[in-house]
Protein chains: 2
Amino acid sequence: MLRLERTEINEASPTPLYRQLAEAIRTRIRLGDIKTGDALPSERELSDAARISRVTVRRAIETLLDEGLLSRKHGSGTYVAPRIEQQAGLLSGFSSDMGNRGLRPGSVWIERGAGNPTPEEAMTLGLGIDEFVLRFARVRTADGEPLAIERAVVPARFLESPDAVGTSLYAALEAQGHRPVRGLQRIQAGLATQEEARLLSVVPHAAVLRIERRSFLADGSPIEFTRSAYRGDRYDFVTEVREPRTPDTSR
Amino acid sequence: MLRLERTEINEASPTPLYRQLAEAIRTRIRLGDIKTGDALPSERELSDAARISRVTVRRAIETLLDEGLLSRKHGSGTYVAPRIEQQAGLLSGFSSDMGNRGLRPGSVWIERGAGNPTPEEAMTLGLGIDEFVLRFARVRTADGEPLAIERAVVPARFLESPDAVGTSLYAALEAQGHRPVRGLQRIQAGLATQEEARLLSVVPHAAVLRIERRSFLADGSPIEFTRSAYRGDRYDFVTEVREPRTPDTSR
DNA sequence: CACTTCAACTGGTATTGTCGACCTCGTGAC
DNA sequence: GTCACGAGGTCGACAATACCAGTTGAAGTG
């Protein structure tokens, strides 16, 4: 059985109690202290053992519910959910996506500069056509093999200069304090054009996966518009979907 | 400004207060009472006006945060987030997906029956190869035009008979009390095989979007394994991704 | 022996009270 | 006029308590 002692929680830490508790439970699960299907101690027990109020315990459990680590059953208990493989970092960039897949990411620059947006870009980024944008186009490689062509557009005000972007666009944006929190992705199947075929080292008309992504800051302003073409024979896109935690049955 | 009166909330209703409140605010936003970018009344104000405790008000706001309708700024206020187009019902079936796109869904049966799982199916559904599964294969149409081929496999114990499935597999499962809460989807680009081309009325080697989906119940047991091939020229797959509500910066 | 009942669990909702961190904007000093 | 500063407002975190609502299994009943 899981034993949780107050000792594990640091009262003075700036990290909120519910996060510390969540992390403690997360660790227990990762270490196999409590296994898939096992019941967690009841909320009241946890509350007593860690000397944390039940409300706070519930908050910790809720974050783990969101992560899919636990499942609750009213009247019965809280259980460790079976591990489902980690989803690829969706809002993360190419680099960490490749990292998750155990591939070595690389890239070759095609274009890096500033300019005015096309009408389509102006529309999706909410800009006037006379405002400035930065463009980044790269061939992305995995273990040295070309895997995708990626063309990103960012409103110029979010970055000091095009050269601020090293390997990761997201890292550069975050360094300036701009962190996208939402994204909208559109995925299509298509055939490689002549140019794409050349850049990706495939035959023309090979299958490609086209991914279009728009990212937004917390206040809703668009920060990035990226269009990519992935080799269909080497890449698949994995998403995990979850139903809302508390389905609204009243409507 | 938004005025919320206690009158809107029904004390005696079986629906929890926080959901009633969330619904009330949701309605206000939909009706344009409060517009994009506007600040919501402060939590204390809402609490006073509706005579609901602040904790409960926060819960209501949190559900709207999850839905992407609101965004909070510590020390400043809670604001109405810009409307981002509705995501397609991800865990929903073909029918409601088409509904969202304003297309009339239809289908033509190819196969409907019972049998033993293939090794691959046994693996992904967590079954023994001697247990039974039900198979459903259909050509899915939108406004009468073929759009996708869909092949679903469900462990037999979840449905009384193959005939329980009318137009919607999900509806049939839910009628038996089985509601999938999580799904894992894998999306690939490919070229249509001879048979696919025939069923979809496209030329061989046309681009197709292959989607593989596994769904799970709350307790983690796999309930469905579906493989689909969508016409690349007529379908795109849209997903919305969100960063976790409270990013853990401590790790 | 099968069946029903019910008490003692479990999680679900809601209140009141307190303190802290953060943001904004007006006031006053320079 | 510009700038630093602080007061007051906002969200963030937590405690202690109360009661409601499903679940479960053991005791009692037929």
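The sequence lines fix the lettering, A, B, ..., with proteins before strands; numbering per chain opens at 1. Note that the structure is predicted; figures quoted are calculated from it, not measured.
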Query - Most 5' of B:Val55 and B:Gly75 on DNA chain D, judged by nearest nucleotide - result: B:Gly75
Requested in this report: Round to a whole Å and report the spacing from CD of A:Gln20 to P of D:dG12.
Outcome: 19 Å
**Report entry** Length of the NE2-P vector between B:His74 and D:dT10, whole Å
**Finding:** 13 Å
Query - Distance test, side-chain N/O of A:Arg72 to OP1/OP2 of C:dT10, below 4.0 Å - result: no
Query raised in the report: Could you state the CZ-C1' distance from A:Arg19 to D:dC14, rounded to the nearest angstrom?
Result: 14 Å
Report summary line: Residues A:Ala122 and A:Ile129: closest non-hydrogen pair is CB-CG2, 4.1 Å
Query - Salt-bridge criterion met for A:Glu224 and A:Arg213 (N-O under 4.0 Å) - result: yes
Query raised in the report: Is the phosphate of C:dT13, meaning OP1 or OP2, less than 4.0 Å from a side-chain N or O of B:Arg59?
Result: yes
**Report entry** Out of C:dT10, D:dT10, C:dT15, whichever nucleotide has its closest atom nearest the side chain of B:Glu45
**Finding:** D:dT10
Requested in this report: Over all heavy atoms of both residues, which pair between A:Ser53 and A:Ser47 is shortest? Give the atoms and the distance, please.
Outcome: C-OG, 3.8 Å
Query raised in the report: Does C:dA14 have OP1 or OP2 sitting under 4.0 Å from an N or O in the side chain of B:Ser53?
Result: no
Query - Lys/Arg N to Asp/Glu carboxylate O, B:Arg227 vs B:Glu121, below 4.0 Å - result: yes
Query raised in the report: So does A:Thr56 get a side-chain nitrogen or oxygen closer than 4.0 Å to the phosphate oxygens (OP1/OP2) of D:dA15?
Result: yes
Report task. Using whole Å, report how far CZ of A:Arg54 lies from C1' of C:dC9. Result -> 12 Å
Query raised in the report: Hey, does the Lys NZ or Arg CZ of B:Arg59 hover above the aromatic six-ring of B:Tyr18, less than 6.0 Å from the centre and inside 45° of the axis?
Result: yes
Query raised in the report: Whole-Å distance between C:dT18 P and B:Arg44 CZ?
Result: 12 Å
Query raised in the report: So, is A:Ser76 close to the D:dT23 phosphate, meaning a side-chain N or O under 4.0 Å from OP1 or OP2?
Result: no
Query raised in the report: Within less than 4.0 Å of OP1 or OP2 of D:dG12, is there a side-chain N or O belonging to B:Arg58?
Result: yes
Query raised in the report: To the nearest Å, how far apart are B:Leu65 CG and D:dG12 P?
Result: 8 Å
Query raised in the report: Roughly how many Å is it from CD in B:Glu62 to P in C:dG12, rounded to a whole number?
Result: 15 Å
Report summary line: Rounded to whole Å, the CD-P distance (A:Glu43 to C:dG12) equals 6 Å
Report task. Please check the phosphate of D:dA13 (OP1 and OP2 only) for any side-chain N or O of A:Tyr18 closer than 4.0 Å. Result -> yes
**Report entry** Residue-phosphate contact under 4.0 Å: B:Thr78 side-chain N/O, D:dC11 OP1/OP2
**Finding:** yes
